[in-house]
Amino acid sequence: MNAQFKLLALATALATTVACSNMAPDTAATQPATASGATNFELTIAHVNDHHSNLDAHSRTSLQLDGESVRVESGGFARVAAMIDRISSANRHVLKLHAGDAITGSLYYTLFQGKADAAMMNHVCFDGFVLGNHEFDNGDAGLKKFLNALAKGDCNTPVLAANVKPEVGVSPLTPRGRWDSFQPYQIYNLGGQKVGVIGLDIAVKTKQSSQPDATTTFADERETAEHYIAELQRYGVGKIILLTHYQYSNDLALARALPAVDAIIGGDSHTLLGDFNSYGLDSDGPYPTQITNADGEPVCVAHAYEYSKVVGELQLQFNGDAISSCGGRPHFLLSEEAPAAFDDTGLFTRIAPQASAVAVRDTFAKDVDVLTQQVIARAPERLCMQRMGVISREQCGSAGQSDMHQLVAQAFLRSVPAADFSLQNGGGVRGELPAGSISLGDAYRILPFSNTLVTVDLTGAEVKQLLEQTMAYTLSDAGSDGSYPHGANIRFDVDLSAADGNRVSAIQTRTEQGWQPLNNDQRYSMVTNSFVANGSDGWLLLGELSEQGRVEDTYIEYAQSFIDWLRAQDQVTRPGQHSTINYTPVQP
């Protein structure tokens, strides 16, 4: 296991044994840390994850309060800054951590390519930031631009990514050495105690569902963690935290399998922890979730939801190097104008945006505001979005799939009318549309990535193979529902309870003569986005066809395709029978 890491150990040690430079100095920091003494020590971790360039507040968040539905303003990065500042002021030993996917997802990224996010993160001054899969959406070069922006100023936020391996001398991330742009871990001196934080990115998903350079690889998460845990222990570090972008369920499994881990701060799954169910929100477990590691000792696992809505406050009590207890709470951030009854829940915090953070955001917001206000169409009714399966909400979704995915797929066909049908991955569409005006900003919010439309020449048998691949990846431990296919002018039955290779049946394409069964030997022209066309998100066959010269880029931006289609519609109604998916979920 350790062979792939041995040559890097010395360089790693030299790069990571200093305290984080953006932390306030501690008067006891020069005292030697005890490796196994009975010293009582309390560590507070203020953490966020998956803010995805969501810098503005969310104006109409729907919550339940005393059985009544209320609409409140929530989140926004200026509230995140205010909350983290409040936590830092109230506690002595604090680490401010970001568990990845800082960028892509709003017009702030579309227009500024990470500069706006970096400016806001530098205002908070995080003590650690782990790379997430979406940090690679514009390749290694795009990530390097974001990291360069993050490196400006006095924060010097450590970027952590122990299992990310760009090719040295080839990737812009590693022109000279493995750790040019990030580190595997960081050691912090707090009150005479050494705390080690190891960064891990989700390996298979980042390689398959984002766009790192072809020569950039990702090592196994567990093997990497085991190696660096042992290395930290050799340096006398007994308090060990994993900062992961690896999904909640994977974090729980990782914690059980590893020795010596005390806490995991995670992201990627957009997991809400805490008893939020009575407030109209789905939560996945308690905050924090406490389990035991391979040594039989407690591990505290915490996530902080998504889109700048929640700041986690994790309180760790150590007796020596072992966790004696863990506590804390999530802070779901609300406007001060929200009902005061939310104060008594222990889950919501009414807080004003930090004025200085608002000023930083406003330097970018004026350009975004001009763009978002351009109305290009109208929707007489709500158009819903669901990445996988049939929408169960009343008056939402049609023809066995979500409205938004089918509308985007129709837009692809309008831009490439020679194609027989279109397919779109579930993760490529990032929002829905309420009834009313549709702005240019709405279109970029729904399709925020830098994708283009491509055409693919493939046989009917290859269409079947491709659809089966997407289902297999969707159901795999390393996959996600972002792989799930939606389309226009194509329909099929899905049975996720069936065996691999037999989950998709009754495939038909829509022609001038009506719906026709798929002919295995016939060649078809499919239009999709450039992201899946390179084999990402489990659409592996398309990567192979690309190498064979059977994929052609139209250079039409996929967001622009949707904008052109919206403008042509004027009134956007729910889709008709362009595609039907008869869906059977996995049986319990």
Side-chain angles (χ1 to χ4, degrees), residues 387-390 397-426 428-429 453-474 483-496 498 501-533 535 537-546 548 550-554 556 558 561-562 565 573-584:
R387 283 160 56 128
M388 182 174 78
V390 179
S398 65
Q401 63 174 312
S402 77
D403 297 328
M404 289 309 309
H405 286 92
Q406 191 170 169
L407 293 176
V408 169
Q410 288 182 34
F412 288 5
L413 284 178
R414 181 184 182 277
S415 293
V416 188
D420 297 305
F421 61 89
S422 62
L423 282 174
Q424 162 76 13
N425 60 317
V429 176
L453 301 187
V454 301
T455 58
V456 184
D457 171 41
L458 71 177
T459 67
E462 288 168 334
V463 174
K464 159 73 169 172
Q465 180 185 351
L466 175 65
L467 292 172
E468 293 289 357
Q469 282 182 346
T470 65
M471 298 302 167
Y473 185 72
T474 295
S483 175
Y484 190 84
H486 301 262
N489 283 10
I490 186 169
R491 67 186 185 187
F492 45 87
D493 294 346
V494 174
D495 185 352
L496 295 183
N502 295 290
R503 296 181 177 120
V504 181
S505 61
I507 307 171
Q508 295 181 313
T509 59
R510 191 169 183 253
T511 69
E512 293 179 356
Q513 290 74 41
W515 289 101
Q516 301 292 325
L518 190 76
N519 185 329
N520 284 343
D521 298 323
Q522 182 177 333
R523 299 189 85 90
Y524 295 89
S525 176
M526 177 183 79
V527 58
T528 188
N529 65 65
S530 56
F531 172 70
V532 296
D537 233 357
W539 296 47
L540 302 178
L541 177 63
L542 298 191
E544 299 172 13
L545 298 182
S546 180
Q548 298 172 23
R550 293 164 62 186
V551 174
E552 183 176 354
D553 199 328
T554 69
I556 300 170
Y558 91 141
S561 168
F562 189 48
W565 182 85
T573 59
R574 294 177 66 201
Q577 295 293 322
H578 287 267
S579 176
T580 302
I581 299 176
N582 297 316
Y583 173 81
T584 303

Legend entry - Heavy-atom side-chain proximity of Arg491 to Ile507 below 4.5 angstrom: no
Inset, instruction - Compare every heavy atom of Thr455 with every heavy atom of Ser525, then report the nearest pair and how far apart it is. - result: OG-CB, 4.3 Å
Inset, instruction - State whether the number of non-hydrogen atoms from other residues, nucleotides or ligands found under 6.0 Å of Glu552 atom CD is greater than 12. - result: no
Inset, instruction - I would like to know whether Phe492 and Lys464 meet side chain to side chain contact (heavy atoms under 4.5 Å, CB included); could you show each step before the answer? - result: CA-CA 10 Å; Phe492 45 87; Lys464 159 73 169 172; over 6 Å; no
Inset, instruction - Examine distances only and state if a side-chain atom of Ser483 and a backbone atom of Tyr473 form a donor-acceptor pair shorter than 3.5 Å. - result: no
Legend entry - Val527 and Val454, any side-chain heavy atoms less than 4.5 Å apart: no
Legend entry - Smallest separation among heavy atoms of Ser415 and Ile556, with atom names: O-CD1, 3.9 Å
Legend entry - Expected output: side-chain Gln410 to main-chain Leu407 donor-acceptor under 3.5 Å: no
Inset, instruction - To the nearest 0.5 angstrom, please state how far the NE2 atom of His405 sits from the OG atom of Ser422. - result: 12.0 Å
Legend entry - With sequence neighbours excluded, residues passing side chain to side chain contact (heavy atoms under 4.5 Å, CB included) with Ala472: Asp500, Arg503
Inset, instruction - For Glu512, enumerate each residue passing the side chain to side chain contact (heavy atoms under 4.5 Å, CB included) test, keeping only those at least two apart in sequence or located in another chain. - result: none
Inset, instruction - Could you please spell out the steps behind the side chain to side chain contact (heavy atoms under 4.5 Å, CB included) verdict for Arg510 and Ile490? - result: CA-CA 6 Å; Arg510 191 169 183 253; Ile490 186 169; over 6 Å; no
Inset, instruction - Indicate yes or no: at least one non-hydrogen side-chain atom of Leu458 is less than 4.5 angstrom from one of Val463. - result: yes
Legend entry - Parallel, tilted or perpendicular: rings of Phe412 and Tyr558 (30°, 60°): tilted
Legend entry - salt bridge (Lys or Arg N to Asp or Glu O under 4.0 Å) contacts in which one or both residues fall within residues 411-426, not counting sequence neighbours: none
Inset, instruction - Write down the atom of Leu423, the atom of Gly487, and the distance for their closest heavy-atom approach. - result: CD2-CA, 4.0 Å
Legend entry - Spacing of Leu467 atom CG and Glu462 atom CD [to the nearest 0.5 Å]: 12.0 Å
Legend entry - Check: Ser546 side chain, Leu542 main-chain N or O, donor-acceptor pair, under 3.5 Å: no
Inset, instruction - List the atom of Gln513, the atom of Gln516, and the distance in Å for their closest heavy-atom pair. - result: O-NE2, 3.6 Å
Legend entry - Residue pair Trp515 / Gln508, side-chain heavy-atom distance below 4.5 Å: yes
Legend entry - For Gln424 against Asn529, the heavy-atom pair lying closest together: OE1-ND2, 3.0 Å
Inset, instruction - Report yes or no: does His486 contribute a side-chain atom to a donor-acceptor pair with the main-chain N or O of Val429 at less than 3.5 Å? - result: no
Inset, instruction - Give a yes or no answer on whether the side chain of Ser530 reaches the backbone of Ala533 with a donor-acceptor pair at less than 3.5 Å. - result: no
Inset, instruction - Evaluate the side-chain proximity of Met526 to Thr528: yes if any heavy-atom separation is below 4.5 Å, no if none is. - result: yes
Legend entry - Pairwise side-chain contact, Tyr524 with Thr459, heavy-atom cut-off 4.5 Å (strictly under): no
Legend entry - Nearest heavy-atom neighbours spanning Leu453 and Asp553: O-OD1, 3.4 Å
Inset, instruction - Could you tell me which residues satisfy side-chain hydrogen bond (donor to acceptor under 3.5 Å, both in side chains) with Thr509, sequence neighbours excluded, listed by chain and number? - result: none
Inset, instruction - On the 0 to 90° scale, with breaks at 30° and 60°, tag the Trp565-Phe562 ring pair as parallel, tilted or perpendicular. - result: parallel
Inset, instruction - Could you tell me whether the side chain of Asp403 and the main chain of Gln406 form a donor-acceptor pair under 3.5 Å? - result: no
Inset, instruction - Could I get the full list of side chain to side chain contact (heavy atoms under 4.5 Å, CB included) partners for Leu540, not counting sequence neighbours? - result: Gln208, Gln469
Legend entry - Residue pair Asn425 / Trp539, side-chain heavy-atom distance below 4.5 Å: yes
Inset, instruction - Output all residues satisfying side chain to side chain contact (heavy atoms under 4.5 Å, CB included) with Asp457, sequence neighbours left out; order by chain, then residue number. - result: Arg523, Arg550
